[in-house]
Each structure stands twice: as structure tokens, then as C-alpha cells.
Amino acid sequence: MSLQVQQAGVVSVPVDLGRRHYQHLGVTVGGPMDIHAYMWANRLLDNAPSCAQLELCYGHFAAKFSESTMIALAGADLSATLNGAALPIWRSTAVQSGDVLKLGAPRSGLYAYLAVAGGFQIKSQLGSVCAVARDGLGGLHQDGKPLQNDDVVAYQPLERGQTSKSVPSQFIADYTQPLSIDLQCGYQFKQFAKVQQQRVFKDTYTVTKRINRQGIFLEAPKEIKYAGESLISEGIAFGAVQVPPDGHPIVLMRDGQSIGGYPKLGCITALGAGKLAQAAPGTSLHFSRVSIEDSQREYRQFMHFFNPA
Amino acid sequence: MPATIEAVSQDSLLLRFGEQILPEVTVDIQAVRTYLNDHCAAAIIDMVPSYTTLLVHYDLLQSSEQHLRDHLQQALEQVPSKLGTSADGSPVNTVHIPVCYDPELALDWQSMEQSCQMPFEQIVQRHLQKSYLVYTIGFLPGFAFLGNVDESIATPRRASPRAMLPAGSVGIAGTQTAVYPAGSPGGWNIVGRSPMQLVDYSLATLCPFNVGGRVQFSAISIEEYHHLKEGGA
């Protein structure tokens, strides 16, 4: 049983919840750029949250299913079709042997998540299937590379049929809405001048073309100045908002480095990072301040919904 | 030992051990890490030690911030600081790394001669004369930041980084030295190359380095380099 990749797409990578316990050796954590869409794709198939999926960035992907199974597609609208007919996203669908899934151009959002019943069967490396090119780690061939044409991704046969399910409308993300990203102030936030601190929550930032799994470069209308001393490199948490000397923030995403020496305003929330990941270059956004306590509550609630204890 | 605890994100706490890079601080951070590994490993996903900090990434679904803070506080109270004492005495693991300093592989030998105002042979001698502490590991898997090199051979990073350095390249940046474990872009001044394979994902340990451990370089000839490289050092 396998998915035969005919057209590998822009950047298509296997993902799961990421690599734990190796960051002290400089190993990248990885994980889905948009945790919301990823969690729903597994949920639609009653998969465990850790079941491996394919993260398909920017579309232009085509693949053929060798055997019948159930699949789910969630996240970006990348003009998906099954055998030429429009394939709805945010729902699970039965596919038959020989069916061809195609993704075209993005309509809204950037990252779509393709899940299959039982999860894709990909050998994990250091506890995860996540492909990280910089580390030469993970992925289909354990070399960190994204999917290539003619790759074959295995899945298990479906033991019993499933009915098609869809995500309740209130949980379907709308990537065309104005973006407000929750920022937890921390790290060097207090060492920025008051006027700089205030500007962070007033100004409108723009997503630039420099975006990838490691980081998202934003353009500030006016540079954010850091007057503090140069820093000693320290551990960087997921979602950290770095301010390099040019004054334009960089948000560190799933493949962010483990340590660094730029001053940081704090970290955006995990769910905020998912929304930001889906923003195309040119999208404008605001930061809104959130307490760490509130973001903990939000994240716990989110994860418990998908993974009840 | 004295340190501050601050929350930096929904599931990360940062311990700060002062503002000064000192070998004793690295030893302290390692001692706290070991304590936490022994006492609350289940709640912790990752710990990232750096020069003066320890970032603790915990599992928000298994634990609470307060629970972690209690453990961190306890660690700071229980683990004695080496600051102000001589940090030597506790046996540390020393990793021996063969390096070929042949001009063919020492890409920056000329600019190093200029900036250090001494013959390259002397730079090499000074690079070899001491063992180095592993302050932190990052940038790439198994990229160990080692220090400190003798002040006379400390050299700032190159103005523009090279697009691709070969695996094994040994560089100097400021008072730090390191071996690039894999081919990578890089801005450090390259003084030699090691034939040693430093990262192996099939090993549980992944790489020979540990923060708090030490590294000693030894010089080999270009013939030995090629021999070891082919023989799978």
C-alpha cells in the first residue's frame, strides 16, 4: 500500500509532532508549521496525534494511491482535486486504488496537511519522521530532504471502512482574515525602550518573501531599536521573535535553531505560529499581548480536545 | 546556587546564571541539568544549556509551570555552585580530535597570519597547546562551541561567510573554536580540517561532545588525514 509521488511539489515533507530530547546537541525539533490543521487532519481519521502526515507547502503536488483507504486534507486551500474533481478540504474522503490526488496553486494559506488512515509508514529517525534539510536528518530517505518525484510513501491497509467526516465549521481556519498574533512578552522585552515596547503592539508588520520552516522575516514600518548590550547566545524557545540589528523582526518557527544571540521580544503562541505560517508574503499583521498563563490555558484546552487524557 | 528563573513562553523556563562567560558557570549549569534529569525527567522535553543560561522546555500537558518552577528552585538550592572555587577536580571526559593544519586545508592561514601577526606554525602551536571546554552545542547538530583560544590567536569572524565549508573544517571565531561536523555555510576562520566523523545519527550519543566536557586537538599530516579519511576514522 503506498502513495506514489508523481510531482513532489514545492516543499513537501513528512511531519509528526517533532523530535524530542536532542536539542542540547543542536538537533532541530521540527513539527507541523500549522499545528491546528495538522491536529484536525489526524482527528478526521481517528488517528493518534503523532501519526505521520505529509505537509505540502504551496501545492503543485500530484500522487497516486495504490490501494483504497481514507485520507484527510486540512489547512491551506491549494486547489486540491481527486481524479480531476474538486476535493473538499477539512474533511476525510475515501480513495480507491489508482486515484490521483493533485494540488494546484494556493488560493488561501500555504501549508496543507495530508493524512491517511493509520498514518503514513515512514521510518523515524531520533524519534521523529520530520525532515530537516539543515540537519540532514529525517524524511523518507533519512537524509533530511523533502519528497522527490517517484518517491513512494507507504501506508497500512484499512481494516474497516470509515464514514467521511468533516471539521465543524467554527473550527475551519479562514486564512484571509486580518492577522492578529498573540505575543508573550519575555526574554529581553523589558530591555527595549518603552517607546519601542509600545510600538510592537501598535505597528502593522508585513510578512516578507523570506519565509520558510526555520523562520519568518517580517518587515516593520519603522525599525525596532535595541539599545541594550550585545547578548551572550542563549536557548531559543519556539516562536521567539528576534530583533536583529536591522530592526525587522524574525519569528523562529518549527525548524528554528536551538541557540542564538539576537535580542528577543518574547515568543508568539503555538497556535499563533500556526496562523502566521499560513500567511503569504505581503500579509499584514498585528501583535497582541497575551499573558503566559492565558496562552498555557489556550494550548492545554486545544491539545486536550485532540488527546483526551 | 544563584540563578533567576523566568518564563519565556507557554512551555519554556529560562534559568540565568549571571552575565559572565566562565568555565565554572558551565560546570554549574551542567550540575543543575544533571539534577533535573535525575528528579523530573518525565516532565521535561528538552534542556538547552548555553554559556550562562539553561532553557528548560517542559511538557505542558503532563505538568504545570509551577511544578517545574518548584523543581528548578529545588535544584538551585540543592546543587552547590563551583563559582569562586577552582572548578577543576571533577573528572571530565576529554575528546581527542586529530586535525590536519596543512595550508591546503587551512583555508584562512594567510589572513590569520596577517591578523595575528605571527607565522601560521605558531598559530597552530597555540591552537594545540591547551584543551578546550565545551560551552554549548548548537547551530548544527554536534557543532560544539569550544573555548577559550589563546588571546593572541582570537580572530573575529570573516566579513562574509563562505557559502559552503567542507565537513570537518576547524575554525576560530573570536575566542571560540569549533569543528564543523557537516558541510555548511560558515563565517569562521578555517585553520585546518579533521578527518573524524563527528555526528552519527545511528548512535544514541549522536556526537562525542557533551557540554561541560573538554576537547584536545592533535596535529596530523596531510597523508595521515587522507589515510584516516579513507579508513573511516
Side-chain angles (χ1 to χ4, degrees), chain A residues 18-29 125-126 132 134-138 142-144 182-190 229 231-240 257-261 264 266-271 290-300 303-304 307 309, chain B residues 6-16 18-21 25 30 33 37 41 44-57 59-62 64-65 135-145 167 176 181-185 199 201-211:
Chain A
R19 214 159 257 125
R20 293 174 165 218
H21 312 311
Y22 291 99
Q23 254 194 304
H24 63 287
L25 298 175
V27 175
T28 305
V29 177
Q125 208 175 3
L126 303 184
V132 181
R134 190 176 69 236
D135 292 3
L137 186 58
Q142 319 244 296
D143 56 5
D182 287 338
L183 174 68
Q184 308 157 90
C185 297
Y187 280 115
Q188 286 75 35
F189 185 80
K190 286 181 182 154
E229 298 199 351
L231 301 176
I232 299 166
S233 280
E234 58 191 19
I236 305 176
F238 170 61
Q257 61 272 32
S258 58
I259 55 171
K264 295 168 285 298
C267 296
I268 65 170
T269 61
L271 298 185
V290 66
S291 71
I292 284 181
E293 205 184 354
D294 283 349
S295 65
Q296 287 170 340
R297 194 175 305 121
E298 177 196 57
Y299 193 66
R300 267 208 193 96
M303 290 306 268
H304 280 156
N307 199 9
Chain B
E6 60 191 70
V8 293
S9 83
Q10 59 204 1
D11 52 9
S12 302
L13 290 163
L14 187 72
L15 292 166
R16 283 190 192 282
E19 301 289 332
Q20 246 190 312
I21 298 176
V25 171
Q30 281 317 105
R33 232 183 106 203
N37 262 330
I44 293 177
I45 295 174
D46 269 306
M47 284 190 272
V48 184
S50 191
Y51 297 91
T52 56
T53 51
L54 179 65
L55 180 68
V56 179
H57 176 203
D59 191 337
L60 192 56
L61 305 180
Q62 306 290 327
S64 70
E65 182 183 326
Y135 280 102
T136 183
I137 300 174
F139 172 62
L140 283 175
F143 188 101
F145 290 78
Q176 303 278 288
S184 157
V199 167
Y201 291 135
S202 66
L203 298 178
T205 51
L206 220 89
C207 71
F209 306 120
N210 261 311
V211 174

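These numbers were taken from a predicted model, which means no experiment stands behind them. Quick note: numbers below take in every heavy atom, side chains included, and nothing from hydrogens, waters or symmetry partners.
- Ranking Lys264(A), Gln257(A), Gln184(A), Met303(A) against chain B, the residue ahead of the rest is Gln184(A), based on heavy-atom pairs under 4.5 Å.
- Atom-to-atom distance recorded for Ile236(A):CD1 and Ser9(B):OG is 12.5 Å, nearest 0.5 angstrom.
- Looking at Tyr22(A), both its backbone and its side chain come within 4.5 Å of chain B, counting heavy atoms on both sides.
- Most heavy-atom pairs under 4.5 Å with chain B, from the set Ser291(A), Cys267(A), Gly186(A): that is Cys267(A).
- Of the possible donor and acceptor atoms, none in the side chain of Gln296(A) sits under 3.5 Å from a partner among the backbone N and O of Leu60(B).
- Residues Leu206(B) and Leu126(A) have side chains in contact (heavy-atom distance under 4.5 Å, counting atoms from C-beta outward).
- Checked by atom type and distance alone, the side chain of His21(A) never pairs as donor or acceptor with a backbone atom of Asp46(B) at under 3.5 Å.
- Contact check for Asp135(A) versus Tyr201(B): side-chain heavy atoms found under the 4.5 Å cut-off.
- Note that OG1 of Thr53(B) and OH of Tyr187(A) are 8.0 Å apart. Values are rounded to the nearest 0.5 Å.
- Residues passing the ring pair (Phe, Tyr, Trp, His ring centres under 6.0 Å) test with Phe139(B) are Phe143(B), sequence neighbours excluded.
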Glu229(A)/Glu19(B) under side-chain contact (heavy atoms from CB on, under 4.5 Å): CA gap, chis, key distance, verdict: CA-CA 11 Å; Glu229(A) 298 199 351; Glu19(B) 301 289 332; over 6 Å; no
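- Only the backbone of Ala204(B) comes within less than 4.5 Å of a heavy atom in chain A; its side chain stays farther off.
- For chain B, no part of Ala240(A) is nearby; none of its heavy atoms comes within less than 4.5 Å.
- The heavy-atom pair separating Ile137(B) from His24(A) by the smallest distance is CB-O, 3.5 Å.
- Under the 3.5 Å distance criterion, the side-chain polar atoms of Ser258(A) are left unmatched by any main-chain donor or acceptor of Gly138(B).
- Heavy atoms of Ala182(B) lying under 4.5 Å from chain A are absent altogether.
- Counting heavy-atom pairs closer than 4.5 Å to chain A, the top-ranked of the candidates Ile21(B), Val48(B), Ile45(B) is Ile45(B).
- The distance from atom CG of Leu140(B) to atom CG of Leu25(A), rounded to the nearest 0.5 Å, is 12.5 Å.
- Atom CD of Gln10(B) is separated from atom CD1 of Ile268(A) by 9.5 Å, given to the nearest 0.5 angstrom.
- Within 6.0 Å of CD in Glu293(A) there are 12 or fewer heavy atoms belonging to other residues, nucleotides or ligands.
- Contact of Leu54(B) with chain A is not made at all, since no heavy-atom distance falls under 4.5 Å.
- Taken from OG in Ser64(B) to CZ in Arg300(A), the straight-line distance is 6.5 Å, to the nearest 0.5 Å.
- Interface residue Gln23(A): backbone and side-chain heavy atoms are both found under 4.5 Å from chain B.
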Worked check of side-chain contact (heavy atoms from CB on, under 4.5 Å) between Arg20(A) and Asp59(B): CA-CA 11 Å; Arg20(A) 293 174 165 218; Asp59(B) 191 337; 3.6 Å; yes
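- Every ring pair (Phe, Tyr, Trp, His ring centres under 6.0 Å) that Tyr135(B) has, sequence neighbours left out, goes to Tyr51(B).
- When heavy atoms are compared at a cutoff of 4.5 Å, Leu231(A) does not approach chain B at all.
- Rounding to the nearest 0.5 Å gives a distance of 9.0 Å between CZ of Phe238(A) and CG of Asp11(B).
- Contacts between Leu137(A) and chain B at a heavy-atom distance below 4.5 Å involve backbone atoms as well as side-chain atoms.
- Using a 4.5 Å heavy-atom cutoff, the side chains of Glu234(A) and Arg16(B) are in contact.
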